[in-house]
Amino acid sequence: MSVALVYPSTYHHAMSNLGFLSVYHLLNSQEGTLCERFFLPDPEDMAEHQKTGYPLFSLESHRFLDEFDVVAFSISFENDYLNLPRLFELGHLPFWAIERNEDHPLVLCGGVCAFLNPEPLAEVMDMFAVGEAEPILPGLIAEMQRNLSDRSELLKIASRLPGIYVPSLYQIDYHEDGTLADIHPKNGAPPRVRRQYLADLDRFASRSFVATEDTEFGDMALAEVSRGCSRGCRFCAAGFIYLPARERTLDHMIEQVEEGLCRRDRIGLVGAAVSDYSQSDALNRAILDRGGTVSMASLRIDALSEAEARTLKASGHRTVALAPEAGSQRLR
């Protein structure tokens, strides 16, 4: 089964996204599944596509988007919604789900936006993966491989899997003022789709599986230390959609670090609150002892320790950004 994994922005941005890289690795690790990458063309390439009408093609084999069995969008930012109509047009795919038929690829949406709020794209996507990819994709891929030839049956079966939302299987009633009145599931779809999360982060690595210099963090190997945040700030979406807060063990992180140091000298530690990681000092020492340097995705004023500051200095940082996290300018 062929899967087109689409990031609705340029290669430069996509290849710094750990979620995108992890899903690419996970899909290609599934037996009987081939995944290739698609991106929004750079401006000069976009001009050529528009001039010639040449379709969007994959990075790996230059196959066209509409030749794949499944088109999976990984969407992390709402601003990237604006690129979707252009990608569908370049891929020669109808934009609205109701206009696509059995001859078109099945269109799946995952990523932060899919479980923060899927509704803006409910009439575009055939289904959404509501939650983290690791617990959802293996079961979904298995059902797709068995039932891909019968789309209507596949959508019914997929809707009963944990974390899968199929918008076409829900009838929505509204009051005269446009507010929601009632929701009626059809064909066995559940009344509520529950977000899925990976309870044990050590079961799956999340790091820079593909190394490239042509991206925002091309000089470092990224590795995820934790998901979620225990602080519960009410203005922070990530702190809620990634609950419960979880972190990787030190042994698992050292394995990821050693893999990363084979390709890059600098390790980029990724998480909503990297400085809250309970084994932060030990992990930093392990990286420095192995001849690497450290970069951190997030630093909190109230959590930054002297040891971490010394690690950053030893890693060659001359400046850092400390975000005063608060819900108003007065508090900041």
Side-chain angles (χ1 to χ4, degrees), residues 12-26 28-29 132-134 197-231 238-239 242 244-325:
H12 182 82
H13 292 103
M15 294 303 291
S16 288
N17 187 288
L18 269 189
F20 179 79
L21 294 174
S22 297
V23 168
Y24 177 66
H25 176 77
L26 182 60
N28 278 319
S29 299
E132 297 168 14
E134 294 93 343
Y197 66 92
L198 180 62
D200 180 8
L201 295 186
D202 285 359
R203 288 182 55 207
F204 296 88
S206 184
R207 55 182 174 81
S208 299
F209 290 103
V210 181
T212 172
E213 295 179 356
D214 300 320
T215 189
E216 189 69 31
F217 305 115
D219 64 336
M220 64 181 77
L222 304 179
E224 181 190 53
V225 299
S226 62
R227 288 185 195 172
C229 177
S230 61
R231 295 176 179 258
Y242 283 109
R246 292 146 287 154
E247 61 179 38
R248 299 177 186 273
T249 63
L250 179 61
D251 288 343
H252 179 82
M253 285 307 307
I254 289 176
E255 288 181 15
Q256 292 206 89
V257 163
E258 290 176 341
E259 288 278 356
L261 288 174
C262 292
R263 302 179 180 182
R264 297 288 187 270
D265 294 330
R266 183 180 291 271
I267 299 296
L269 302 178
V270 178
V274 174
S275 51
D276 285 347
Y277 179 56
S278 64
Q279 300 292 321
S280 179
D281 290 345
L283 177 59
N284 291 336
R285 283 198 306 272
I287 295 171
L288 295 177
D289 289 346
R290 285 162 175 77
T293 57
V294 182
S295 181
M296 300 181 189
S298 56
L299 296 170
R300 292 183 62 101
I301 289 176
D302 56 352
L304 182 63
S305 67
E306 181 178 346
E308 286 174 325
R310 292 186 181 279
T311 296
L312 293 171
K313 181 182 179 182
S315 298
H317 289 273
R318 297 175 64 89
T319 60
V320 296
L322 291 167
E325 302 283 8

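We count residues from 1, following the sequence as given. Everything numeric in this text was worked out from a predicted model, so none of it was measured.
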Distance check, rounded to the nearest 0.5 Å: Glu306 atom CD versus Asp281 atom CG? 10.5 Å
For Ala297 against Val270, the heavy-atom pair lying closest together: CB-CA, 4.0 Å
Looking at residues at least two apart in the chain, or sitting in another chain, which of them share a side chain to side chain donor-acceptor pair (under 3.5 Å) with Asp265? none
If you measure from OG on Ser280 to CG on Leu269, what distance do you get to the nearest 0.5 Å? 7.5 Å
Beyond-backbone contact of Asn284 with Leu312, side-chain heavy atoms, under 4.5 angstrom: no
Would a 4.5 Å heavy-atom cut-off, applied to side chains only, mark Thr293 and Ile287 as touching? no
Shortest non-hydrogen contact from Leu250 to Ala282? CD2-CB, 3.8 Å
Would you say the side chain of Arg231 lies within less than 4.5 Å of the side chain of Asp302, judging by non-hydrogen atoms? yes
In the structure I gave you, are the side-chain heavy atoms of Glu213 and Arg264 within less than 4.5 Å of one another anywhere? yes
Given the rule in the side chain to side chain contact (heavy atoms under 4.5 Å, CB included) test, do Met15 and Asp214 qualify, once you have shown the distances and angles that lead to the verdict? CA-CA 8 Å; Met15 294 303 291; Asp214 300 320; over 6 Å; no
Which residues pass the ring-ring contact (aromatic ring centres under 6.0 Å, His included) test with Phe20, sequence neighbours left out? Tyr7, Phe39
List the residues meeting side chain to side chain donor-acceptor pair (under 3.5 Å) with Thr215, not counting sequence neighbours, and say none if there are none. Ser16
For Arg290, does the CZ atom have more than 12 heavy-atom neighbours from other residues, nucleotides or ligands under 6.0 Å away? yes
CD1-CG distance between Ile254 and Leu261, expressed to the nearest 0.5 angstrom: 11.0 Å
Are the side chain of Ser208 and the backbone N or O of Val210 linked by a donor-acceptor pair below 3.5 Å? no
Answer yes or no: is there an ion pair linking Glu134 with Arg203, defined by an N-O contact shorter than 4.0 Å? no
Would a distance-only check, ignoring hydrogens and angles, find a side-chain to backbone donor-acceptor pair under 3.5 Å from Ser315 to Val294? yes
Looking only at heavy atoms, the pair that brings Gln256 and Ala205 closest together is OE1-CB, 3.6 Å
Straight-line distance of Lys313 NZ to Arg310 CZ, nearest 0.5 Å: 7.0 Å
Can you tell me if Ser298 uses its side chain to pair, donor with acceptor, with the backbone of Val274 under 3.5 Å? yes
Considering residues at least two apart in sequence or located in another chain, which fulfil the ring-ring contact (aromatic ring centres under 6.0 Å, His included) criterion with Phe209? His25
Salt bridge (Lys or Arg N to Asp or Glu O under 4.0 Å) filter on Asp251, not counting sequence neighbours, yields none
Determine the minimum heavy-atom distance between Tyr277 and Leu283, stating which atoms define it. CE2-CD2, 3.8 Å
Cationic N near anionic O, under 4.0 Å, Arg246 to Asp200: no
Contacts table for residues 216-224: side-chain donor-acceptor under 3.5 angstrom, sequence neighbours left out:
from: Glu216; atom 1: OE1; to: His12; atom 2: NE2; distance (Å): 3.0
from: Glu224; atom 1: OE1; to: Arg227; atom 2: NE; distance (Å): 3.1
from: Glu224; atom 1: OE1; to: Arg227; atom 2: NH2; distance (Å): 3.4
from: Glu224; atom 1: OE1; to: Arg248; atom 2: NE; distance (Å): 3.4
from: Glu224; atom 1: OE1; to: Arg248; atom 2: NH2; distance (Å): 2.5
from: Glu224; atom 1: OE2; to: Arg227; atom 2: NE; distance (Å): 2.8

Can a side-chain donor-acceptor contact be found between Glu308 and Ser275 if the only test is distance below 3.5 angstrom? no
